[in-house]
Amino acid sequence: MSDGPFNQAVLIRGGTVVDATGKRVGDVLIRNGVVEAVGLDLDDAIAGAQVLDASGCIVGPGLVDLHSHLREPGREESETVETGARAAALGGYTAVVAMPNTDPPIDCAAVARQVFELGARATCEVAVAGAITVGRAGKLLAPLAEMADLGIRLFTDDGNGVQDARLMRRALEYASALGVTLAQHCEDSSLAAGGHMHEGEWSSRLGIPGQPGEAEELMVMRDLALSRLTRAPIHFLHLSTATSLQMVRVAKQGGARVTAEVAPHHFSLTDAAVASYDTVFKVNPPLRPPADVAAVKAALADGTADAIATDHAPHAQEDKEAPFDQAPPGMLGLETALALAVTELDLPIERLLALLSWQPAAIAGLAGRHGGPIVAGAAANLCVIDPEVTWVVDATRLASRSRNCPYAGRTLTGRVRHTVLRGEPVVIDGEAQR
Ligand code: DOR
């Protein structure tokens, strides 16, 4: 591991470069953490460069995850910043936003600083989301300004929605004055209470208490109104129902300041998976019926959803080995998101990269370093994707410290071959370098 900037020259050779400006064939020369040149005749420049083969591959900006639970501080048995960042790098991510539902929660500058320090030597940039309320308890506003002073741009009580409309209004007003964005976990807790899966045909058959899609939709509706009232932007986390997405679609048409993410499991799995009673399929918001899955795909296709975000939620085996109603919700996501998008979505690679890289980078306030056009002078945060290769998910070989991957044994298309962070190849040929 190097402490200073990685200064060996690297040449990514033989790929097709894809970024927000379009697609072109070309090699990418990197030196001192930045892109030095992109073109076809870089041979003169490469003496001594480390060569990464990209033939048949897409060379894109590194992926950016708006929604990673890295569990540190407090739940290091499930994940650490180091292991989560390694999983991220293997998944093609050069930046992730660490969620604040740690123990203690990231609800003040001191804890945020600790996570930034842990992230400083990780294999991807670790941005931090701060909590909206003290202890994520939904009662008192957290000190948003002192966290914003550290560069934090997203705030959320994720895991909980902010239930109190008046408090949410005040939080939106403060956030907008600070130039930061609130990200809501949309769930009316009174309506969702006691539900462990989607309420519908499968919950009735299985005898597992459900939570209706309306628990999510009520808060989407309320927060669209509060965003209108305060003129503050709002970001919706992991939307999962057709009606939620339709509300966002209509609000956007009316000029609302709203962005939305969806999670890979909500376009690749349905609530029928719960029939196994396997707690690996327990997640919040829950897996939904096929009509909602189709609506999530449609929202990704028509621009209603701005980003694919993993909601990577590691849980230790002994926690997941519990009866369905007692197990914690959440599933791993960082190492499979790109492949699920390639496999499940009928979208061209430039649209997939918009959803996985530059659009989330903009929402997270990371666009200066991540997701930008691959041109001379740009930060060398890149990933190289083989869009054709097929592979079988082996949950025992994931870099995450946890094993709660719902795709074990599934054959996926598309895999990350190399990931370059600040000019350093942190993943080469699918292997983490540190
Ligand atoms: O399934 C989930 N797991 N949903 C959340 O909102 C929280 C997350 C976690 O932290 O495990």
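Both ligands and their constituent atoms are indexed starting at 1 by order of listing.
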Residues in side chain to side chain contact (heavy atoms under 4.5 Å, CB included) with A129, at least two apart? V97, M99, P100, L154, T156
Ion pair present between K252 and D302, side-chain N to carboxylate O less than 4.0 angstrom? no
Residues at least two apart in sequence or cross-chain that pass side chain to side chain contact (heavy atoms under 4.5 Å, CB included) with V393, listed by chain then number, are T336, W391, C405, Y407, L412
So does E79 pair up with R75, basic N to acidic O under 4.0 Å? no
Assign the ring pair H185 / H238 to parallel, tilted or perpendicular, where the plane angle (0 to 90°) is split at 30° and 60°. perpendicular
Students should find this: residues with any non-hydrogen atom under 4.0 Å from ligand 1. What is the answer? H69, R71, N101, D158, G159, H185, H238, V283, N284, D311, A313, H315, P329, G330
Can you list the residues that meet the side chain to side chain contact (heavy atoms under 4.5 Å, CB included) rule with T230, with sequence neighbours excluded? R169, L172, E173, A232
